[in-house]
Number of protein chains: 2
Amino acid sequence: MPDTSIPEIVIGRLPIYLRTLSRMAAAGKVYTSSHELGQHLGISSAQIRKDLSHFGEFGKQGTGYNISFLTAQLKRILKVDSVQDVALIGVGDLGRAIAHYQGFLDRGFRVTALFDNDPEKIGTKIGGLVIQDYERMETDIRQQEIRIAMLAVPFTEAQNATDILVKAGIQAILSYAPISIKVPAHVHVEYIDPVLHLQKMTFFLE
Amino acid sequence: MPDTSIPEIVIGRLPIYLRTLSRMAAAGKVYTSSHELGQHLGISSAQIRKDLSHFGEFGKQGTGYNISFLTAQLKRILKVDSVQDVALIGVGDLGRAIAHYQGFLDRGFRVTALFDNDPEKIGTKIGGLVIQDYERMETDIRQQEIRIAMLAVPFTEAQNATDILVKAGIQAILSYAPISIKVPAHVHVEYIDPVLHLQKMTFFLE
DNA sequence: TAGATTGTTAATCGATTAACAATC
DNA sequence: TAGATTGTTAATCGATTAACAATC
């Protein structure tokens, strides 16, 4: 059971460390240090050491961190050492791009179910998966014991789809819909809305 | 000129306020309060009032905020009261979805240039825009005075594309490539990597 | 050994929140 | 007027960083 006293902001940085370590391993490096990691990411070495210290001692004085060892530890901590099944709701342009994306499996995820409410799409296939009707969403997700969903529906449809996901027992939702969705406290929601990033950056334009 | 003493974290929340106000306006509401806004977003009313106070006084005691007035003020502050042109680099599945996305214009952005380095794609059209060769990236972006780019290339190509964008005078980059890119200090970079969100949420799975 | 780097502590820094006078 | 809500101050809370003993 994860220690819930660990700040959420710390958990949010672990995947970034993991991603950077993977790049280093691919480049043939064997050891790294908090200083080197920090330089890559633009954060302080102290922060990296502090973050990791919440979970154990993974380094050696003088030599730093063994990259493959630290990678394995972070994967274990984040529970991505086994592959997590993900349901994808909404198969428009964006949903299609997500379904085709080859970058999930390496990092612990696999889209194993597709749903849409457009009769024209239902029954067609993407990457070997049949697009299913909303009707089947609750039972399919339960049967497959899927705990994570990605939401790529129009924002007008987001809350409705969310309500079905919650009924199906989904515990985590990554939503691409540009709207705040309501969920019970036990369901985690994260959002991706590119326009929020663009608007933020526009403020800083010269 | 924006007051640079305003914390970046505050700027990051303004687009969220703006998005919520738009939803309220669409629902026919005329006034709202910091309390109501906070409830929608799951943040405290004090934080909303504090954030807004960096930029002026936009509310009235007793009645709260006029939604269309506050919307106009936030758009002005974020500089999205005029439409910003955006270049899109990389027209794979994701780039295609971005190019087709209808949700940008309403919120201040318009994709006006597409680039790819795949000879098979160069010269073909998406939504009325011709996909141009990398060769033309620097000059086209300069000529069109584009200041913002979205990066949807494979991660192996991200730094190379970024270097060209920087030479072209781009000031802000929204990157979908799962890798940290290096830019000069005057260029703002934001990242979207869905796997980071998924891995973070997986930690909290029961 | 000498140099390097960890994990941890304490200090600093910055963000959030509670409270309330002002006032619509 | 009475009730509601702002904008702001001061207090609280939490995150980041500097520093260093331990030790590889």
Side-chain angles (χ1 to χ4, degrees), chain A residues 2-18 20-21 24 29-74 77 200 203-204, chain B residues 2-18 20-21 24 29-74 77 200 203-204:
Chain A
D3 180 344
T4 49
S5 77
I6 297 167
E8 189 168 331
I9 196 164
V10 171
I11 307 300
R13 279 190 295 260
L14 300 187
I16 305 176
Y17 301 160
L18 182 53
T20 306
L21 291 166
M24 288 177 170
K29 286 181 68 71
V30 175
Y31 281 91
T32 188
S33 65
S34 57
H35 180 73
E36 187 181 49
L37 263 174
Q39 286 234 312
H40 267 265
L41 296 170
I43 63 184
S44 77
S45 62
Q47 180 163 85
I48 291 169
R49 295 198 300 280
K50 188 99 205 292
D51 284 354
L52 296 178
S53 74
H54 286 99
F55 306 96
E57 305 188 357
F58 307 119
K60 281 208 183 78
Q61 287 101 325
T63 52
Y65 303 92
N66 177 296
I67 290 172
S68 76
F69 176 74
L70 184 54
T71 296
Q73 295 304 310
L74 288 175
I77 292 164
K200 180 184 173 190
F203 175 86
F204 295 103
Chain B
D3 182 344
T4 50
S5 77
I6 297 166
E8 189 168 330
I9 197 165
V10 171
I11 308 299
R13 281 191 293 261
L14 300 186
I16 305 175
Y17 301 161
L18 183 54
T20 306
L21 290 166
M24 288 176 168
K29 287 183 66 72
V30 176
Y31 281 92
T32 188
S33 66
S34 58
H35 180 74
E36 187 181 50
L37 262 174
Q39 287 235 313
H40 267 265
L41 296 170
I43 62 184
S44 76
S45 61
Q47 179 162 85
I48 291 169
R49 295 198 300 280
K50 187 103 207 291
D51 284 352
L52 296 177
S53 75
H54 287 100
F55 305 96
E57 306 190 357
F58 307 119
K60 280 209 184 80
Q61 288 101 326
T63 52
Y65 302 92
N66 177 297
I67 289 172
S68 75
F69 176 74
L70 184 54
T71 296
Q73 295 303 310
L74 287 175
I77 292 164
K200 179 183 173 191
F203 175 86
F204 294 103

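Proteins get letters first, then strands, A, B, ... in listed order; numbering begins at 1 in each. Side chains included, hydrogens not; waters and symmetry mates left out as well; all remaining heavy atoms used.
- The nucleotide range of DNA chain C contacted by chain A, defined by atoms under 4.0 angstrom from heavy atoms of the protein and reported 5' to 3', is C:dA4 to C:dT9.
- The 5' end of DNA chain D is approached more closely, in terms of each residue's nearest nucleotide, by B:Thr32 than by the other of B:Thr32 and B:Lys50.
- Contact record, A:Leu14 with A:Leu74: CD2-CD2, 4.0 Å, taken as the closest heavy-atom pair.
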- [ ] Step by step, work out the side-chain contact (heavy atoms from CB on, under 4.5 Å) result for A:Ile6 and A:Phe55.
- [x] CA-CA 9 Å; A:Ile6 297 167; A:Phe55 306 96; 3.2 Å; yes
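- Counting only heavy atoms from C-beta outward, the side chains of B:Ile77 and B:Ile11 never approach each other to under 4.5 Å.
- Shown for residues 56-72 of chain A: residues whose heavy atoms fall under 4.0 angstrom of DNA chain C, namely A:Glu57, A:Phe58, A:Gly59, A:Lys60, A:Gln61, A:Gly62, A:Thr63, A:Gly64, A:Tyr65.
- Pairs of residues two or more places apart, or lying in two chains, that qualify as salt bridge (charged side-chain N to carboxylate O under 4.0 Å, His left out) and include a residue from residues 42-70 of chain B are B:Arg13-B:Asp51.
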- [ ] Test side-chain contact (heavy atoms from CB on, under 4.5 Å) on B:Leu37 and B:Ile43 and set out the steps.
- [x] CA-CA 8 Å; B:Leu37 262 174; B:Ile43 62 184; over 6 Å; no
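- Here the CD-OG1 distance, from B:Gln39 to B:Thr32, works out to 10.0 Å after rounding to the nearest 0.5 Å.
- When each of A:Ser33, A:Ser34, A:Ser53 is checked for a side chain to side chain contact (heavy atoms under 4.5 Å, CB included) with A:Ile48, only A:Ser34 meets the rule.
- Listed here is the closest heavy atom pair of B:Pro7 and B:His54: CD-NE2, 4.0 Å.
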Open item on the list: Applying side-chain contact (heavy atoms from CB on, under 4.5 Å) to B:Leu70 and B:Tyr17, what does each step give before you reach the verdict?
Closed with: CA-CA 9 Å; B:Leu70 184 54; B:Tyr17 301 161; over 6 Å; no
Open item on the list: For Watson-Crick and G-U wobble pairs within 3.5 Å on both distances, what is DNA chain C written in dot-bracket notation, | included for inter-strand pairing?
Closed with: ..||||||||||||||||||||||
- [ ] Please lay out, stage by stage, how A:Tyr65 and A:Leu21 fare under the test side-chain contact (heavy atoms from CB on, under 4.5 Å).
- [x] CA-CA 10 Å; A:Tyr65 303 92; A:Leu21 291 166; 6.0 Å; no
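- Within residues 36-43 of chain A, no residue has a heavy atom under 4.0 Å from DNA chain D.
- The NZ atom of B:Lys200 lies 8.0 Å from the CD1 atom of A:Ile9; values are rounded to the nearest 0.5 Å.
- Using a 4.0 Å heavy-atom cutoff across all strands shown, B:Ser34 reaches sugar-phosphate atoms only and no base atom.
- Partners of B:Lys29 under the salt bridge (Lys or Arg N to Asp or Glu O under 4.0 Å) rule, at least two apart in sequence or in another chain, are B:Glu36.
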